Number of protein chains: 2
Amino acid sequence: MTSARERILDAYERQLVELGERGSTLDAIAVEAGVSKGGLLYHFKSKDDLASGLIARLTERGAADLAGFPDTAEKAIHHFIVAASDVDDPLGASYLATQVLARAGRADAFAALQDLEEGWYRAILELTGDPVVARLMQLVSDGIYYNAAVVPEGSPPTASGFTLVPLGEEREAIIARLLSLLPPAGASGQRGQ
Amino acid sequence: MTSARERILDAYERQLVELGERGSTLDAIAVEAGVSKGGLLYHFKSKDDLASGLIARLTERGAADLAGFPDTAEKAIHHFIVAASDVDDPLGASYLATQVLARAGRADAFAALQDLEEGWYRAILELTGDPVVARLMQLVSDGIYYNAAVVPEGSPPTASGFTLVPLGEEREAIIARLLSLLPPAGASGQRGQ
DNA sequence: GTCTATATTTGGATAGAC
DNA sequence: GTCTATCCAAATATAGAC
């Protein structure tokens with residue numbers, strides 16, 4: 001069994017995304033983590049402290065992701081877009097949960113997100129040499145994250161088949177189109193602008 | 001002075017975006033709207049009812065936007081991206097506030113957003129004839145909205161000059177690049193894929 | 001390190017005067 | 001149509017036993 005501390009953070013993370021900041025009560029978190037409220041408050045003195053722990057973990061995970069970032073534009077874009085649409089990996093989970101905290105008004109959550117975004121932006125910029133492409137990449141990935149964050153678990157498409165989160169083949173088509181924006185050295189496309 | 005009902009909705013909208021769902025208390029809303037808590041609860045029987053009113057207003061404003069949607073791909077994309085980055089217009093404000101409600105777990109808020117997204121997606125698809133471009137457009141605009149929603153008021157760029165929301169010239173460059181993805185009939189670009 | 005109380009605070013909602 | 005006063009529930013936090 002993983003440490004109680006980690007289990008508490010995991011439970012909080014999950015509840016932030018699924019229930020929002022409002023729904024993530026100390027009681028519910030404690031139950032899901034398999035400890036009592038008192039036990040929880042031994043590891044984190046207050047709810048504020050709990051949030052700080054979550055944000056710190058995002059920062060660690062983000063640094064690890066950036067440290068292992070791909071070294072070509074093609075691979076980077078692929079990694080970037082795929083990672084954005086994979087809510088299951090730990091970094092994605094931390095990212096989404098921190099988004100919720102940021103929107104609830106926590107300044108340090110916002111700062112952590114901004115730092116991460118900047119790191120990714122700079123990494124893509126360095127690889128592509130094109131600030132507009134880098135910004136587009138950032139916005140598309142934010143768009144995917146946003147959709148993932150808003151869509152409730154297992155949400156069905158609308159009656160007419162529309163779905164918010166792009167999956168499978170559509171995702172690959174999007175990546176291909178983004179790659180087509182790259183300068184000549186790129187694998188598959190012409191250029192625009 | 002506008003009607004108390006509208007003032008209450010405006011105040012609630014603003015507080016949702018700036019303080020989050022948690023921070024938007026009936027007390028604070030009443031104060032900002034210039035009524036008492038009792039007065040507020042005369043217009044909306046419960047907080048739930050207040051949220052419903054907000055969502056209904058988004059749906060009205062969204063329908064109006066779609067009704068006046070541009071009739072060419074170029075104009076549509078421009079309108080779409082510019083509108084997404086203008087948080088001051090009433091539709092944008094309603095959209096952002098409803099996002100907060102959706103993330104707090106309100107199913108009807110999510111449904112209203114999804115309907116709107118679908119309407120926009122279909123409008124762009126019809127004008128461009130390209131589902132990948134339409135999806136990219138949707139994601140970029142979501143990305144912009146997301147950034148606008150997370151960024152606190154008057155937030156400064158990082159020390160190194162990075163800023164989350166693309167403004168001014170950068171926004172125009174992004175629009176131009178997106179337009180370059182359009183098929184031959186488009187104004188300025190070649191195509192990819 | 002984890003538990004069971006219990007205290008404190010806050011926010012949503014009601015009742016009834018004006 | 002708006003206000004004040006009050007009630008009630010929920011959530012955070014504390015105290016202290018085990």
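Worth saying up front: this structure is predicted, and the values here are computed from it rather than measured. Computed from heavy atoms alone, side chains included, the values below leave out hydrogens, waters and symmetry copies. Proteins get letters first, then strands, A, B, ... in listed order; numbering begins at 1 in each.
- Closest to the K47(A) side chain, of the nucleotides dG1(C), dT12(D), dA13(C), is dT12(D).
- S180(A) approaches L181(B) most closely through the heavy-atom pair OG-CD2, 4.1 Å.
- Rounded to an integer number of Å, the gap from NE2 of H43(B) to P of dC3(D) is 9 Å.
- Nearest to the side-chain atoms of S36(B) among the listed nucleotides dA13(C), dA13(D), dC3(D) stands dC3(D).
- One atom, CZ of R22(B), and another, C1' of dT9(C), lie 12 Å apart when rounded to the nearest Å.
- Ranking dA13(C), dT12(D), dC3(D) by closeness to the V35(B) side chain, first place goes to dC3(D).
- Using modelled atom types, one finds no donor on one side chain facing an acceptor on the other under 3.5 Å when comparing T158(A) with Q114(B).
- With dT2(C), dT2(D), dG11(C) as the candidates, the nucleotide lying closest to the side chain of T25(B) is dG11(C).
- Between Y42(A) and dT2(C) there is no side-chain N or O to OP1 or OP2 distance below 4.0 Å.
- Within the nucleic acid shown, R5(A) has no heavy atom closer than 4.0 Å to any nucleic acid atom.
- To the nearest angstrom, C1' of dG1(D) lies 11 Å from CD1 of I8(B).
- Annotation: Y145(B) is in aromatic contact with Y95(B) [ring centroid separation under 6.0 Å].
- To the nearest angstrom, P of dG12(C) lies 15 Å from CZ of F44(B).
- Atom pair K37(A):NZ and dA13(D):P shows a separation of 10 Å (rounding to whole Å applied).
- Under 3.5 Å, the side chains of R171(A) and S85(A) contain a donor-acceptor pair of N or O atoms.
- Listed nucleotides dA13(D), dT12(D), dT14(C) differ in distance to L41(A); the shortest reach to its side chain belongs to dA13(D).
- In this entry the distance linking CG of L40(B) with C1' of dG1(D) reads 13 Å, nearest Å.
- Crowding of E6(B) atom CD: a count of heavy atoms from other residues, nucleotides or ligands under 6.0 Å exceeding 12.
- In this structure, K45(B) atom NZ and dA15(C) atom C1' are separated by 18 Å, rounded to whole Å.
- As a whole-Å value, the separation of D27(B) CG from dA13(C) P is 12 Å.
- The nucleotide whose nearest atom lies closest to any side-chain atom of L26(B) is, among dG12(C), dA13(D), dT2(C), dG12(C).
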